[in-house]
Each structure stands twice: as structure tokens, then as C-alpha cells.
> 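Provided herewith is a single structure, encoded as C-alpha cells, for subsequent inquiry.
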Amino acid sequence: MSNSPLSQPMFALVDVNNFYVSCERAFNPNLINRSVVVLSNNDSCTVARSHEVQALGVKMGTPWFKLKDLAKQHHIIALSSNYTLYGDMSDRVMTILRDFSPHVEVYSIDERFLDLQGLNKFWSTPMDMGQSIRQRIRQWTSLPVCVGFGITKTLAKLANHIAKKPPEFNGVCDLASMPSAQLEALLSVLEVDEVWSVGRQLSQHLNAAGISTVKALRDTPSSCLRTKFGVVVERLGYELRGVSCLALEEVSAPRKQIISSRSFGQLVNSLPELSEAVASYMSSAAEKLRHQHSVCNAIQVFIQTNPFRQHDKQYSNSMTVPLPNASGDIRLLIRAALFGLKCIYRQGYAYKKTGVILSCIDSAAKQQESLFELYGAGDRSARLMCVLDQINQRYGRDTLSVFSTGKRKSWAMHRGKVSPCYTTNWNDVPIAYAH
DNA sequence: TCTGGGGTCCTAGGACCC
DNA sequence: TCTGGGGTCCTAGGACCC
């Protein structure tokens with residue numbers, strides 16, 4: 001029996017420091033040790049800052065025009081973003097991490113969770129492993145990373161956050177094997193909003209209830225967290241106490257919605273211009289839709305004026321266009337989106353932004369949906385069995401095993417997979433089967 | 001003058017049905 | 001005809017994340 005901490009449940013979070021800036025530096029060493037920011041679409045906002053820029057107090061998302069003076073003064077270099085490059089670098093990091101664990105979750109473009117349980121044979125301590133990860137990624141991609149270890153994902157994320165604070169941690173922090181005196185001291189000074197999923201609002205509420213440190217949050221009884229703050233915070237408490245509630249998600253589920261939207265560089269007034277933009281956003285959204293083998297059953301299209309121009313007349317609206325027959329047909333999707341746009345468009349406003357949001361369902365689920373629609377479904381238990389009978393007679397025994405029905409939306413277990421189906425007309429079911 | 005884009009989950013409240 | 005409770009479904013909006 002090994003006593004190595006890695007024989008316990010153990011997660012790691014590996015996160016690339018200042019990811020976009022680090023990617024740019026990997027290809028242009030002149031940027032190293034310089035003040036660098038990467039800007040969003042239209043070069044409007046800062047989406048990444050080098051350490052040097054962070055030290056100047058520049059916050060994430062600061063508009064570039066507000067930085068121009070500071071930039072001149074401190075010779076800040078601003079770069080337009082290059083997402084193709086960042087995606088490629090992200091894949092390279094992924095490849096390297098697979099050598100350290102077969103179980104890796106892509107949490108975001110610059111963060112990976114690793115499940116390390118049972119890997120104790122290879123490493124004497126997590127710290128060794130963490131340093132090894134840092135060195136190899138640095139060597140093979142030039143990217144700097146920090147590594148956090150914990151027995152839940154929330155703790156690993158917190159550890160990663162702590163590891164970034166130089167210099168004593170040297171980029172790696174293991175909360176699981178930290179001496180308890182040190183751990184308690186650390187958690188009692190960490191503010192509660194440093195915890196993953198505690199944002200501005202929630203930290204205010206927690207503070208108002210006297211919970212201002214991570215330690216206080218961890219030590220508040222579950223029942224209290226549940227009543228005062230709901231299920232999410234209750235789960236958070238468990239995670240901080242080392243009870244894992246969040247599993248590693250290695251296979252990324254298909255997106256439930258696909259958004260494609262953009263701010264205009266210049267304000268736009270006319271419907272034809274907006275239509276052109278919407279059609280183009282829809283094309284790229286539909287491409288993603290096909291890529292994940294989904295179809296779309298509703299499209300939301302929205303437009304808005306520029307809320308920062310407070311003297312301008314403001315207008316924002318959206319419309320959801322349902323597609324009774326879910327589809328991935330690009331021409332149909334564009335038609336539906338343009339129809340929605342036409343409904344919400346009003347003349348006389350200067351528009352800043354528009355976009356589409358596609359609700360996605362799995363192609364296979366769509367086939368099942370049509371199967372159920374063929375027979376109808378509903379909330380009349382007297383007819384439930386006959387529907388099951390019909391479907392199983394026609395498609396073979398046990399095609400349909402569980403069938404829970406709601407008024408409009410129902411749920412069916414089909415070959416081990418639960419899928420939604422939509423009620424059309426229950427009365428289509430022949431009355432003869434009701435007996 | 002110039003203020004990002006893409007996601008998930010939860011909740012409240014209205015509509016509707018029995 | 002009037003009234004009420006209980007349930008489901010849908011949507012919008014808020015909060016959070018990177």
C-alpha cells in the first residue's frame with residue numbers, strides 16, 4: 001500500500017498564465033518582458049494582459065480607448081486577437097497533458113482538469129508531478145502554466161489560484177497534502193470571492209451573512225447554506241470540505257445553444273445591413289451546428305443599440321422563431337432568422353449589435369421525436385400503455401422502456417438513453433388500443 | 001469617436017390544465 | 001357559476017464562468 005497522496009481521489013487544474021499574451025510571445029520573443037495586451041473584436045476591449053500590464057492596474061475588459069494615454073506612457077503593445085493560433089496552442093497543451101493522465105477535461109481554452117486517482121506509482125508527490133508538467137509544457141510550447149491540486153475540482157481550482165501568487169509556491173500548489181495549520185491559515189485570509197462560482201452578487205450576500213473568508217464558507221453547515229443561498233452554494237460547501245460533487249467531464253457534451261453575434265465597428269441603421277450581418281452570423285452558427293451533428297429547433301435573433309451612448313434613443317429586442325421540424329438546413333435557418341429580424345426591426349435607431357442564438361438538439365433525438373410524434377404522446381395515463389405497445393410492436397420489444405409524460409414535453413427512455421419528445425395530438429392514438 | 005463573445009445553470013412568474 | 005389548490009411547461013432574466 002502506498003501512502004502517496006495520489007492514491008487518494010485527486011484532481012489537478014492546469015492553467016496557462018495570460019494565455020493569449022503567452023501565445024503571442026511564443027511566436028514573437030520580442031514581446032517577452034514587454035507590456036502587452038490582446039484586444040477583442042474591432043480592437044475594442046482588452047481580453048488578455050501581460051503581468052506588466054496587470055501591475056499597472058489595468059482590469060480585464062477595459063476598453064482600449066481608455067488605455068491609450070497609459071499605453072503611450074508605458075509603451076504598451078496592443079495586438080489584435082488571433083483565435084486560430086490560440087486554439088492550436090490549446091490543442092498542443094492538451095496533447096502534452098494526456099501523457100500525464102488519460103483522463104483530461106477541457107474546461108476552457110486555457111484550462112484543463114486532470115483526474116489523477118491511481119497514478120501514484122509514477123510520482124512521489126503531486127508537487128513533483130506539477131513541476132514536471134510545468135517544465136514540459138514550457139519546453140515544448142514555451143507557454144507558462146500553473147498547476148493546482150485538490151481532492152475536488154473546486155479545491156484544485158482554488159489551489160491553482162493560490163499557485164499563481166509568487167514566489168513561494170513556484171507555480172504549483174497542493175492543498176491536499178498541505179499541513180493543516182498552514183491550510184487553515186491560508187483559507188482564513190482568502191476572501192470568499194476567490195472561490196470558483198462565487199461572483200460579485202453572491203460574495204456580497206455571503207459577506208452580509210458574515211461569511212467573508214473561504215474558511216468561513218467551508219465551515220458553515222450545509223443546511224444553513226441550503227436555506228440561505230440555495231443548492232449551488234450548498235454543493236460548493238461540500239466541494240470545499242472535500243466531498244466531490246463535480247465529476248470530470250472528459251467527453252464534452254454537444255452544445256445546447258450556439259451563439260453567433262458581433263458588435264458593429266460603426267453603427268448600422270438599415271434593415272438590409274442588419275440582414276446581411278444576421279445571415280453571415282447564421283452561416284457560421286450553422287457550421288458549428290453541423291459539426292456537432294445537431295439540428296436546430298428554435299432560433300433567437302436579437303438587435304440592440306449602443307447602451308453606452310446614453311443620449312441616443314435606445315432600443316433592444318429579440319424574437320424566438322420556433323422550427324416545428326428541427327433542421328440543419330442553412331437556407332431554412334437563414335430564412336427563419338431574417339423573418340425574426342424583420343419582426344423586431346424598427347426604423348430610426350442606430351444599431352450596435354445583432355446576433356443569433358440557436359437551440360440545438362441531437363440529430364438522433366430528432367429522429368426519436370418524429371417517431372413519437374407519429375404516435376402522439378400526452379398526459380393521459382389510460383392511454384400510456386397502448387402507446388408503448390404500439391411502438392414496441394412496430395419497432396421491436398423494448399424499443400421504449402420508460403415513458404414519462406408531461407402536457408407538452410415528455411421524456412422517454414429509448415435504448416438506455418433519455419430523450420425529450422414533444423406532444424402533438426394525443427387523440428391521434430386509435431381508441432381501440434386504449435383497452 | 002472608440003465599451004467583447006460564447007457558454008451554463010437556476011429561479012420566478014405567467015399560462016394552462018385538471 | 002364561482003372558487004381553489006396543485007401540477008407542468010415555457011420563457012425571460014440574472015448570475016456566473018472563461
Side-chain angles (χ1 to χ4, degrees), chain A residues 13 15-16 18-20 37-48 59-69 71 78 80-81 83 86-87 90 106-113 153-154 157 160-161 193-206 229-236 246 249 252-267 281 284-285 288 292 297-298 300 302 304-312 316-320 322 350 352-360 378-381 404-411 420 422-423 426:
Chain A
L13 179 67
D15 158 300
V16 183
N18 315 318
F19 182 57
Y20 298 164
V37 295
V38 174
L39 303 177
S40 63
N41 176 48
N42 295 328
D43 289 343
S44 39
C45 286
T46 55
V47 289
K59 298 267 179 277
M60 182 75 164
T62 309
W64 174 236
F65 75 87
K66 285 189 179 173
L67 278 184
K68 289 217 169 131
D69 287 343
S80 299
S81 41
Y83 291 105
Y86 310 148
S90 180
V106 179
Y107 175 64
S108 74
I109 192 162
D110 67 333
E111 288 172 283
R112 306 286 184 272
F113 279 107
K153 287 169 84 173
T154 303
K157 182 102 171 146
N160 180 281
H161 176 78
D193 61 357
E194 313 275 11
V195 176
W196 187 28
S197 81
V198 177
R200 206 164 45 87
Q201 294 292 323
L202 186 52
S203 73
Q204 275 178 15
H205 290 154
L206 288 167
F229 307 103
V231 288
V232 178
V233 177
E234 184 194 19
R235 191 175 60 200
L236 198 53
L246 302 169
E249 290 167 28
S252 55
R255 300 274 175 233
K256 293 172 183 171
Q257 51 177 223
I258 294 172
I259 301 178
S260 185
S261 73
R262 212 72 72 204
S263 293
F264 295 117
Q266 292 176 329
L267 298 175
Y281 300 157
S284 74
K288 291 183 194 166
Q292 65 168 22
N297 62 2
Q300 190 186 340
F302 66 87
Q304 51 185 254
T305 50
N306 187 345
F308 293 101
R309 292 174 62 120
Q310 292 181 355
H311 298 303
D312 284 8
S316 79
N317 204 350
S318 74
M319 178 172 170
T320 303
K352 177 63 180 171
K353 185 173 179 180
T354 183
V356 292
I357 304 175
L358 280 59
S359 301
C360 314
D379 207 12
R380 311 287 192 284
S381 56
S404 112
T405 59
K407 190 62 199 163
R408 268 164 293 194
K409 193 173 186 180
S410 305
W411 296 91
Y422 294 90
T423 307
W426 183 262

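The chains referred to below are lettered A, B, ... by the order of the sequence lines, with proteins before strands, and numbering in each begins at 1. Please read all numbers here as calculations on a predicted model, not as lab measurements.
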> If you compare every side-chain N and O of A:Ser261 against the phosphate oxygens of B:dG4 (OP1, OP2), does one of them come in below 4.0 Å?
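Answer is no, no contact under 4.0 Å.
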> Take atom CD of A:Gln266 and atom P of B:dC2, then tell me their distance rounded to the nearest Å.
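These atoms are roughly 10 Å apart.
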> Quick one: do A:Leu358 and A:Lys288 satisfy side-chain contact (heavy atoms from CB on, under 4.5 Å)? Show the steps, please.
CA-CA 10 Å; A:Leu358 280 59; A:Lys288 291 183 194 166; over 6 Å; no
> Tabulate atom names and distances for all N/O pairs under 3.5 angstrom spanning the protein and nucleotides 9-12 of chain B.
unit_1, atom_1, unit_2, atom_2, d
B:dC9, OP2, A:Lys256, NZ, 2.7

> Rounding to a whole Å, what distance do you find between A:Ile258:CD1 and B:dT8:C1'?
14 Å
> Going by the rule salt bridge (Lys or Arg N to Asp or Glu O under 4.0 Å), which residues pair with A:Arg262 if we only count those two or more places apart in sequence or in a different chain?
none
> Only one of A:Leu206, A:Thr154, A:Val233, A:Leu202 passes side-chain contact (heavy atoms from CB on, under 4.5 Å) with A:Val195; say which it is.
A:Thr154
> State which residues pass ring-ring contact (aromatic ring centres under 6.0 Å, His included) with A:Phe65; sequence neighbours excluded, sorted by chain then number.
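Checked A:Phe65 against ring-ring contact (aromatic ring centres under 6.0 Å, His included); zero matches.
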> In chain order, what residues pass the side chain to side chain donor-acceptor pair (under 3.5 Å) check against A:Glu194, with sequence neighbours excluded?
A:His161
> Indicate whether OP1 or OP2 belonging to B:dT1 is found under 4.0 Å from a side-chain N or O atom of A:Arg309.
no
> For A:Ser263 and A:Pro254, take the nucleotide of DNA chain B holding the closest heavy atom to each; which residue's nucleotide lies nearer the 5' end?
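Its nearest nucleotide being more 5', the pick is A:Ser263.
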> Mind checking what makes side chain to side chain donor-acceptor pair (under 3.5 Å) contact with A:Ser81, not counting sequence neighbours?
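Scan of A:Ser81 (side chain to side chain donor-acceptor pair (under 3.5 Å), adjacent residues dropped) gives none.
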> Whole Å only: how far is the CG atom of A:Leu39 from the P atom of B:dG4?
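Answer to the nearest Å: 12 Å.
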> With heavy atoms under 4.0 Å as the rule, sort A:Ser318 into base, sugar-phosphate or nothing.
nothing
> DNA chain B: A:Phe308 or A:Ser260, which has the more 5' nearest nucleotide?
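Upstream on the strand: A:Phe308.
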> Which range-with-range stems can be found for DNA chain C when each stem has 3 or more Watson-Crick or G-U pairs in a row and both distances sit under 3.5 Å?
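Stem list for DNA chain C: B:5-18 with C:5-18.
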> Between C1' on B:dT8 and CD1 on A:Ile259, what's the gap in Å once rounded to a whole number?
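To the nearest whole Å, that distance equals 10 Å.
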> Expressed in angstrom and rounded to an integer, what is the separation of A:Gln300 atom CD from B:dG6 atom C1'?
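Whole-Å distance recorded here is 14 Å.
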> Whole angstroms only, please: what is the CG-C1' distance between A:Asn306 and B:dC2?
9 Å
> Verify the contact: side-chain N or O of A:Lys353 to OP1 or OP2 of B:dG5, cut-off strictly under 4.0 Å; return yes or no.
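For B:dG5, OP1/OP2 do have a side-chain N/O of A:Lys353 under 4.0 Å.
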> Could you pull out all residues at least two apart from A:Phe264 that satisfy ring-ring contact (aromatic ring centres under 6.0 Å, His included)?
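Expected list: none.
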> For A:Tyr20, enumerate each residue passing the ring-ring contact (aromatic ring centres under 6.0 Å, His included) test, keeping only those at least two apart in sequence or located in another chain.
A:Tyr83, A:Tyr86
> For C:dG4 versus B:dC16, give the span between their C1' atoms, rounded off to a whole number of Å.
15 Å
> Would you check if the side chain of A:Arg200 reaches a backbone N or O of A:Asp193 as a donor-acceptor pair within less than 3.5 Å?
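Checking the backbone N and O of A:Asp193 against the side chain of A:Arg200, no donor-acceptor pair under 3.5 Å is found.
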> Measure the distance from CZ on A:Phe302 to C1' on B:dG7 and round it to the nearest whole Å.
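My rounded result for the distance is 13 Å.
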> Side chain of A:Arg255 only, please: which of B:dC2, B:dT8, B:dG4 is the nearest?
B:dT8
> Could you work out, with side chain to side chain donor-acceptor pair (under 3.5 Å) as the rule, every residue matching A:Ser80, not counting sequence neighbours?
A:Asp43
> Name all residues meeting the ring-ring contact (aromatic ring centres under 6.0 Å, His included) criterion together with A:Trp196; count only those two or more places apart in sequence or in a different chain, and write none if there are none.
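Scan of A:Trp196 (ring-ring contact (aromatic ring centres under 6.0 Å, His included), adjacent residues dropped) gives A:Tyr107, A:Phe113.
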> Expressed in angstrom and rounded to an integer, what is the separation of A:Phe264 atom CZ from B:dG5 atom C1'?
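It is 14 Å, rounded to the nearest whole Å.
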> Just to be sure I understand the rule, does A:Asn42 reach a base, reach only the sugar-phosphate, or reach nothing, if contact means heavy atoms closer than 4.0 Å?
nothing
> For A:Glu111, enumerate each residue passing the side chain to side chain donor-acceptor pair (under 3.5 Å) test, keeping only those at least two apart in sequence or located in another chain.
A:Ser108, A:Lys157
> Within the sub-3.5 Å range, which N or O atoms of nucleotides 14-18 of chain C have a protein N or O partner, and how far apart are they?
unit_1, atom_1, unit_2, atom_2, d
C:dC16, OP1, A:Gly199, N, 3.4
C:dC16, OP1, A:Gln201, N, 3.2
C:dC16, OP1, A:Leu202, N, 2.5
C:dC16, OP2, A:Arg200, N, 3.4
C:dC16, OP2, A:Gln201, N, 3.0
C:dC16, O3', A:Ser197, O, 3.4
C:dC17, OP1, A:Ser197, N, 3.0
C:dC17, OP1, A:Val198, N, 3.2
C:dC17, OP1, A:Val198, O, 3.2
C:dC18, OP1, A:Lys157, NZ, 2.7
C:dC18, O3', A:Ser108, OG, 2.9
C:dC18, O3', A:Asp110, OD1, 2.9
C:dC18, O3', A:Glu111, OE1, 2.9

